[in-house]
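Following: one structure in structure tokens, then a few remarks.
Any value given below was found using the heavy atoms of this structure, including those in side chains, with hydrogens, waters and symmetry copies removed. Throughout, a chain's letter reflects where its sequence line sits, starting with A, and its residues are numbered from 1.
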Amino acid sequence: MPELPEVETVARGVDQHLRGDRIVRVWLTDLPQPFKTPPARMGKVLAGRAILAVHRTGKHIVFELSAPGEKSAPATAQWIVHLGMTGRLLVAESEQPLAPHTHARLGMASGRELRFVDPRRFGRLQFLDLGRTQPFQAPGAEPLTIGAQPFAALFGGRKTAIKAALLNQTLLSGVGNIYADESLFRAGIRPSRRANRLTGAELERLRQALRQILKRAIRLGGSSVSDYVDADGERGFFQLEHCVYQRTGQPCRHCQTPIRRILLAGRGTHYCPKCQH
DNA sequence: CATTTCACCTGGTGGC
DNA sequence: TGCCACCAGGTGAAAT
């Protein structure tokens, strides 16, 4: 579900509601899956810290946390949230009913509650002590800010399909199945093309297409194809502008040719056979 | 190494 | 209505 635009939208919403608030209570599920940091430890180390800021890097949401009992910078810890396929991060009033599959609840000094809900449990929560470890860094480059040369260099030696390369988070961080398909459509490139066979002009078209689509999707609050919602429980609107993703058999918005679906890198892949070469 | 495949989970949909 | 196959925004380990 959540790719860069959805994660950015959620991070902004949480930042708006909870910046400056303090974690006073922590409840975590008994199920083991969602935790990269053991829950017993995470419950202890989060309590008492103020949320200084919340931001996104790649598909990860990063909470900058004060030292326990402090209320201002510097951040001495980070809480990292990855939403997986079906994860939600919701800011709720504590009396609001609990959604099924709620795995974490952070009670705040303001009385609000931050809730992590994730039916499939592919999401992950992690605590980083900045006294012991480096600040979180996504492995790949940011697609919104990478320049033309470094972007082209990412794909130079790769024989794999360009779509598989776009999904590789160690090259670019934040691109997932929706925005890979949509940006390849916009750039007029078939998803199955070998990455190292793209021309310089094609790669630059792809970089621009990706950037424009991601920015537009952020502006529209992301894509809600099934159940994605932001920190306020609101759906996004970019799904209304999808050209190929999950439009199999429907007419291309440019040339009316039916959109095709193939399997690539194990993922459903959608493209227009006439517009994309 | 680069690349591919599969397991990890729940839930929704559509065919019979 | 039930049962079953298939599909879904992601990733990381194992196999090739």
Side-chain angles (χ1 to χ4, degrees), chain A residues 1-11 29-36 56-61 80-89 99-103 116-126 136 138-140 143 153-184 191-197 210 213-214 217-218 220-231 234-249 259-270:
Chain A
M1 101 43 333
E3 305 179 30
L4 187 154
E6 292 77 29
V7 178
E8 176 73 28
T9 302
V10 170
T29 178
D30 291 334
L31 295 166
Q33 283 84 195
F35 303 103
K36 279 184 99 162
R56 173 200 65 79
T57 171
K59 292 175 190 169
H60 297 263
I61 299 166
I80 312 298
V81 176
H82 192 291
L83 298 174
M85 290 274 261
T86 52
R88 299 180 179 193
L89 213 44
H101 307 291
T102 299
H103 300 126
F116 174 66
V117 179
D118 185 12
R120 288 178 75 179
R121 283 180 265 134
F122 291 168
R124 292 294 180 267
L125 309 176
Q126 182 177 22
F136 180 81
L154 291 178
F155 303 104
R158 311 248 155 203
K159 292 206 264 211
T160 190
I162 183 62
K163 164 143 178 190
L166 283 174
L167 294 176
N168 182 340
Q169 301 297 297
T170 65
L171 300 178
L172 287 175
S173 294
V175 182
N177 210 31
I178 296 174
Y179 300 100
D181 282 5
E182 292 297 320
S183 60
L184 285 166
S192 55
R193 291 272 302 284
R194 305 299 109 183
N196 61 358
R197 307 290 277 282
L210 188 54
I213 280 173
L214 292 173
I218 290 169
L220 294 190
S223 299
S224 291
V225 297
S226 64
D227 55 8
Y228 160 75
V229 291
D230 69 14
E234 302 288 337
R235 293 166 57 83
F237 293 93
F238 190 69
Q239 69 278 7
L240 301 174
E241 298 187 10
H242 288 178
C243 290
V244 290
Y245 181 76
Q246 289 196 346
R247 294 194 67 245
T248 311
I259 298 303
R260 264 188 214 160
R261 179 185 184 277
I262 59 172
L263 213 57
L264 204 57
R267 320 293 303 275
T269 296
H270 316 76

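Summarising the geometry of A:Leu214 relative to A:Pro143, their closest heavy-atom pair is CD1-CB, 3.8 Å, with the distance given to 0.1 Å.
Within the 3.5 Å criterion, the main-chain N or O of A:Phe35 finds no donor-acceptor partner in the side chain of A:Gln126. Remark: the backbone N or O of A:Gly58 is paired with a side-chain donor or acceptor of A:Arg56 at under 3.5 angstrom. Checking side-chain atoms of A:Thr86 against main-chain N and O of A:Asp118 turns up no donor-acceptor pair under 3.5 Å. Judged by distance alone, with hydrogens and angles left aside, the side-chain atoms of A:Arg247 form no donor-acceptor pair with the main-chain N or O of A:His270 at under 3.5 Å. Looking at A:Thr9, its side chain never comes within 3.5 Å of a backbone N or O of A:Asp230 through a donor-acceptor pair. Looking only at distances, no side-chain donor or acceptor of A:Glu3 sits under 3.5 Å from a matching main-chain atom of A:Lys59. Checking side-chain atoms of A:Gln33 against main-chain N and O of A:Phe122 turns up no donor-acceptor pair under 3.5 Å. For A:Glu182 (side chain) and A:Ala180 (main-chain N/O), no donor-acceptor pair under 3.5 Å exists by modelled atom type.
Spacing between atom CG of A:Leu264 and atom P of C:dA8 amounts to 13 Å, rounded to whole angstrom units. Distance, A:Gln239 CD to C:dA8 C1': 15 Å, rounded to whole Å. Taking atom CZ on A:Phe122 and atom C1' on C:dC7, their separation rounds to 12 Å, with Å as the unit. Distance, A:Leu263 CG to C:dA8 C1': 13 Å, rounded to whole Å.
At the heavy-atom level, A:Tyr245 lies under 4.0 Å from the strands shown only through sugar-phosphate atoms. Across all strands shown, A:Thr170 has no heavy atoms under 4.0 Å from either base or sugar-phosphate atoms. Residue A:Arg88 is classed as having no contact, given no heavy-atom separation below 4.0 Å to the nucleic acid.
Annotation: A:Arg235, atom CZ; neighbour count of heavy atoms from other residues, nucleotides and ligands within 6.0 Å is above 12.
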Strictly under 4.0 angstrom, non-hydrogen atoms only: write out the protein contact profile of nucleotides 11-16 of chain C, one letter per nucleotide from the 5' end, B, S or -. B-----
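Extent of DNA chain B lying under 4.0 Å from chain A heavy atoms, first and last nucleotide in 5' to 3' order, is B:dA2 to B:dG11.
Ring orientation note: the planes of A:Phe116 and A:His103 are tilted relative to one another, at an angle of 30° to 60°.
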With Watson-Crick and G-U wobble geometry limited to distances under 3.5 Å, how should the secondary structure of DNA chain C be encoded in dot-bracket form, using | for bases paired to another strand and [ ] for crossing pairs? .|||||||.|||||||
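Rounded to a whole angstrom, the distance from the P atom of C:dC3 to that of B:dC9 is 24 Å.
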